[in-house]
Amino acid sequence: MRIQAPRGTRDLLPDELRIWHVVEERARELFRLHGYAEIRTPLLEATELFVRGIGEGTDLVSKEMYTFTDRGGRSLTLRPEGTASVVRAYLEHRLESGPQPVKVYYLGPMFRYERPQAGRYRQFHQLGAEVLGTQDPAADAETILIPYDLYQSLGLQGLDLRLNSIGCPNCRPRYREALLDYLRPRVERLCPSHQRNWEANPLRVLDCKSEACRAATAEAPETTAFLCEVCADHFAAVRRYLERLQVPYRVDSRLVRGLDYYTKTVFEITAESLGAQDAVAGGGRYDGLVQELGGPSVPAVGFASGLDRVILTLQRQGTDLGQARPPEVFVAAAGQGVQEAARILAFRLRRAGIAAATEYGDRSLKAQMKVAGRTGAQWVVVVGEAEWAQGQVVLREMATGAQQIVDAGQLIATLTRSREAATDGAPRR
RNA sequence: GUGGGUGUAGCUCAGCUGGUUAGAGCGUCGGGUUGUGGCCCCGAAGGUCGCCGGUUCGAAUCCGGUCACUCACCCCA
């Protein structure tokens, strides 16, 4: 058995990567417009960071982490999400003592040890952003708007944005009590796993998709009814921004999300046609996390989005994104005597900024023409022994088959001129 | 971690109720006379039939196990 990529990981081949680049470039542009700068943190972190940041009781930490001990006896974990690392870097580099807020985005692989299925991988890719150092609801709106606008502009269909507020340390305990009171007489009606742990994490029962829990919690109290004045005002402000920016959303009082660090705003964006794993982005405010990780009390908000799922959706929709960029010129050698000359000519074209392909072996001119046709090159330069002796080459336009004899010294100028004429001065993409 | 489905050339798939040299299309490579692509024609390479074991005179085909892929549950991106 030949070695295969580890379970849940995969190779992204050049053809597929074209669409990735389109998405990534558009995201980078959107981040730039909103004033976010890129941050790159290690793929590996001290296990402790995630245990403290995400929460020991979460599924993510209790059963989904790739954790190992290094040669120095340290427990390290392949990052399962990006926020904890960003906060760690923020504190490690004392960014809290610089200008606030700090707005950063990231793009890269994350790792979770789960059984793979449609749209779920063990190594998957997220892009995300964090705003640290402001409690302004405009920042919340921003982190919702960016992924929404990104996917809107990419043509993702059937986007559904759900929003909720789960309150803060002031008001959440009251809600928690109310929910516990509600659940207590209904425990028997919950799904088996929540019958066991409903008390530890009552909010999660709301999020359960089982018929049992859904029915049992149909009349459950809603988080938004218990918000303190600060949280209620904050939530109203976030909603106002979304409304005035015409971002369609619905409030979903069952949305609580799986990570412990969230406060106030939480949201999730799903896309149709993804099957069971349909969340393409999620996030929210985490005003307590920086302090939890040993820093001062710094409010923050952010989001993360799964690129694999976004791209899967685009592919399923048949979205045509990312054309291959063929070489402009293919340099063919007619005869072994001119092979070196042809290759050197290709190098010279490239140095002049012209994308030039050529052959490596010594294949027949016919075979080289076939390759040239397949690459999609607009021009073929045939270096023939007879012409080359006169310092000339044959320049063939592939679309029409028209050929002309050109002085080798004039080739770059000729190609450049025709390129400018074709693009009509428009900037090349 | 639990359950269902699927494993035959690089890809998509045939291979009837077990029978001899396992096929097709696409792709790849070469050729169709002097140094010219796309269409057409010809040819070639390429398979431990996922792996291990069992039943049988005989297994790609039946049975068991195992691995992988896949979908779903849990949970999320």
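Each chain gets a letter, A, B and so on, in the order its sequence line appears, and its residues count up from 1.
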For [N], give the paired nucleotide (Watson-Crick: N1-N3 plus N6-O4 or O6-N4; G-U: N1-O2 and O6-N3; both under 3.5 Å), or none.
N     : result
B/G7  : B/C67
B/U48 : none
B/U12 : B/A24
B/C73 : B/G1
B/G43 : B/C29

* When rounded to the nearest Å, what value does the distance between C1' atoms of B/C40 and B/A59 take? ->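 Approximately 42 Å lies between the C1' atom of B/C40 and that of B/A59.
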* Looking only at atom P, what distance separates B/G37 and B/G19, rounded to whole Å? ->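 Rounded to whole Å, the distance is 47 Å.
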* **Between A/Asn164 and A/Thr223, a side-chain donor and acceptor under 3.5 Å** =>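 Side chains of A/Asn164 and A/Thr223: pair found under 3.5 Å.
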Hey, does [X] reach any base, or is it just sugar-phosphate, or nothing, if we go heavy atoms under 4.0 Å?
X        : answer
A/Tyr121 : base
A/Gln368 : nothing
A/Val394 : base
A/Gly384 : base
A/Ala372 : nothing
A/Val280 : sugar-phosphate
A/Gln123 : nothing
A/Gly401 : base
A/Ala332 : nothing

Distance check: side-chain N/O of [X] vs OP1/OP2 of [N], anything under 4.0 Å?
X        : N     : value
A/Gln117 : B/C73 : yes
A/Arg257 : B/A77 : yes
A/Lys366 : B/G37 : yes

Can you measure [X] atom [atom1] to [N] atom [atom2] for me and round it to whole angstrom units?
X        : N     : atom1 : atom2 : answer
A/Lys63  : B/C75 : NZ    : C1'   : 6 Å
A/Glu81  : B/C76 : CD    : C1'   : 12 Å
A/Arg396 : B/G35 : CZ    : C1'   : 12 Å
A/Glu64  : B/C74 : CD    : C1'   : 9 Å

Taking 4.0 angstrom as the limit, do [X] and [Y] come out as a salt bridge?
X        : Y        : value
A/Asp308 : A/Arg10  : yes
A/Arg254 : A/Asp252 : no
A/Lys103 : A/Glu142 : yes

* Asked: How about A/Tyr105 and A/Tyr36: are their ring centroids closer than 6.0 Å?
  ->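 For A/Tyr105 and A/Tyr36, the ring centres are not under 6.0 Å apart.
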Between the base of [N] and the side chain of [X], is there a donor-acceptor distance below 3.5 Å?
X        : N     : answer
A/Arg112 : B/C76 : no
A/Arg7   : B/A68 : no
A/Arg309 : B/C76 : yes
A/Gln4   : B/G50 : no
A/Arg374 : B/G27 : no
A/Gln403 : B/U36 : yes

Quick one: which of [options] gets closest to the side chain of [X]?
X        : options             : value
A/Ala118 : B/A72, B/C76, B/G37 : B/A72
A/Arg115 : B/A77, B/C71, B/G37 : B/C71
A/Ser364 : B/C75, B/G31, B/U36 : B/G31
A/Lys370 : B/G37, B/G35, B/C75 : B/G37

* Asked: Pick the nucleotide of RNA chain B nearest each of A/Arg363 and A/Ala377; which residue has the one closer to the 5' end?
  ->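 This one resolves to A/Arg363.
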* Would you indicate whether A/Gln317, at its atom CD, is surrounded by more than 12 heavy atoms from other residues, nucleotides or ligands within a distance under 6.0 Å? =>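 Yes, CD of A/Gln317 has more than 12 neighbouring heavy atoms, counting only those of other groups under 6.0 Å.
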* To do: Show the numbers, then the answer: is there a side chain to side chain contact (heavy atoms under 4.5 Å, CB included) between A/Met110 and A/Gln123?
  => CA-CA 6 Å; A/Met110 306 291 166; A/Gln123 176 179 335; over 6 Å; no
